[in-house]
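Below is one structure, written out as structure tokens; comments come after it.
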Amino acid sequence: MAKSKKHPYQALLEDTMAAWLWEDEVEYNEDGNFYHISTLYTVDKTSGYRMFLEAYVSSGLIKFYLYSPMLIPEKRYKDACVVLNRLNKNIYCGALDLSGESVRYIQTVDVEGFAPEVQLISNIRNAAGNAFRPKIVEALGVLAFTKLSVEDIIAQYEAPEENGDDDGDLPEEL
């Protein structure tokens, strides 16, 4: 019996998991139009973030989501939108947004007409990790766990570090 050929998106996600030495299985729907991975991802060596990677055959889109473990109280949603909008000014690709109570990083890439490679997905993962760098996580924590005003949160975020490091450098792996 002939072995069925994998769709290129299924192969891409499986190759990505193998390159990252992760053992998560690629899931797909019955009609073969959607491939999906859900896994735990550690950004800062201590916090577990939930990562979703989706590939849509019909539209040629790959969507990457990284959900922070930090939840924003409903009464701070409006404030969260203002703070996230400001934080996004320093994210070089993708964006932070609010999905229910969760802050997430999201990036969508149109890959229709070319064969994406593992390095593309790895670059997106690195960008997502950089989006949750310490100064941004600190601002999100202040938003989630204090009553500090939006203006004060943004002022703290934009204040230069005492050591002169603005925490805005790109990660070395990019």
Side-chain angles (χ1 to χ4, degrees), residues 1-45 47-70 72 77 80-137 139-140 166-174:
M1 176 168 253
K3 189 175 177 182
S4 64
K5 187 175 178 184
K6 291 181 185 177
H7 187 277
Y9 291 175
Q10 181 181 0
L12 170 69
L13 297 185
E14 288 175 354
D15 292 349
T16 299
M17 291 291 96
W20 295 348
L21 303 176
W22 291 348
E23 297 178 6
D24 298 281
E25 294 292 320
V26 175
E27 300 170 5
Y28 53 92
N29 65 354
E30 290 299 317
D31 66 5
N33 188 47
F34 173 76
Y35 296 90
H36 170 81
I37 295 171
S38 171
T39 190
L40 188 63
Y41 178 54
T42 303
V43 171
D44 57 9
K45 298 182 178 134
S47 298
Y49 290 68
R50 199 77 196 141
M51 185 183 84
F52 296 91
L53 188 57
E54 303 172 347
Y56 297 85
V57 175
S58 62
S59 62
L61 296 177
I62 293 179
K63 295 183 178 184
F64 185 98
Y65 304 94
L66 188 63
Y67 286 80
S68 168
M70 205 174 311
I72 303 297
Y77 282 4
C81 291
V82 173
V83 171
L84 290 173
N85 186 49
R86 176 59 195 98
L87 296 176
N88 278 328
K89 291 175 75 175
N90 290 331
I91 295 177
Y92 60 94
C93 63
L96 296 174
D97 76 355
L98 200 55
S99 176
E101 297 178 313
S102 299
V103 174
R104 70 178 178 182
Y105 170 88
I106 181 172
Q107 185 168 353
T108 303
V109 179
D110 185 347
V111 295
E112 188 174 12
F114 75 94
E117 297 182 11
V118 171
Q119 189 60 50
L120 171 71
I121 307 302
S122 293
N123 288 348
I124 294 170
R125 182 189 66 174
N126 291 340
N130 188 54
F132 286 107
R133 61 190 175 274
K135 200 165 185 180
I136 288 179
V137 171
L140 294 175
D166 69 358
D167 195 34
D169 295 335
L170 298 180
E172 291 181 21
E173 60 268 5
L174 290 181

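Residue numbers run from 1 in the order of the sequence given.
- The side-chain hydrogen bond (donor to acceptor under 3.5 Å, both in side chains) search around Y105 returns Q107, not counting sequence neighbours.
- Note on residues 121-131: no pairs pass salt bridge (charged side-chain N to carboxylate O under 4.0 Å, His left out), not counting sequence neighbours.
- Proximity of a side-chain donor or acceptor of N85 to a complementary backbone N or O of C81 within less than 3.5 Å is not detected.
- Using a 4.5 Å heavy-atom cutoff, the side chains of V109 and I121 are not in contact.
- Counting heavy atoms from C-beta outward, R50 and L40 have side chains that approach closer than 4.5 Å.
- Two residues are said to be in side-chain contact when any heavy atoms from C-beta on lie closer than 4.5 Å; L12 and V111 fail this criterion.
- The ring pair (Phe, Tyr, Trp, His ring centres under 6.0 Å) contacts involving residues 112-135 comprise Y49-F132, where partners must be two or more places apart or lie in separate chains.
- The shortest heavy-atom contact between G60 and D110 is O-OD1, 3.4 Å.
- Considering every non-hydrogen atom in both A131 and I136, the closest pair reads O-CD1, 3.2 Å.
- Nearest heavy atom pair, residue I62 against residue P116, reads CD1-CG, 4.0 Å.
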Taking only distance into account, with no hydrogens and no angle test, what donor-acceptor pairs under 3.5 Å do side-chain atoms of residues 95-102 form with protein atoms, sequence neighbours excluded?
unit_1	atom_1	unit_2	atom_2	d
D97	OD1	R104	NE	2.7
D97	OD2	R104	NE	3.4
D97	OD2	R104	NH2	3.3

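- Y9 pairs by the ring pair (Phe, Tyr, Trp, His ring centres under 6.0 Å) definition with H7, not counting sequence neighbours.
- To the nearest 0.5 angstrom, Q119 atom CD is 8.0 Å from N126 atom CG.
- With hydrogens and angles ignored, the 3.5 Å screen pairs no side-chain donor or acceptor of R86 with any backbone N or O of V83.
- With contacts defined as side-chain heavy-atom distances shorter than 4.5 Å, the pair I37/T16 does not qualify.
- Residues passing the ring pair (Phe, Tyr, Trp, His ring centres under 6.0 Å) test with Y56 are F34, sequence neighbours excluded.
- Evaluation of the ring pair (Phe, Tyr, Trp, His ring centres under 6.0 Å) rule for F64 yields no partner, not counting sequence neighbours.
- With sequence neighbours excluded, the residues that form a salt bridge (Lys or Arg N to Asp or Glu O under 4.0 Å) with E14 are K6.
- Between C93 and A127 the shortest heavy-atom distance is SG-CB, 3.5 Å.
- The minimum heavy-atom distance linking M51 with L66 is given by the pair CB-CD1, 3.8 Å.
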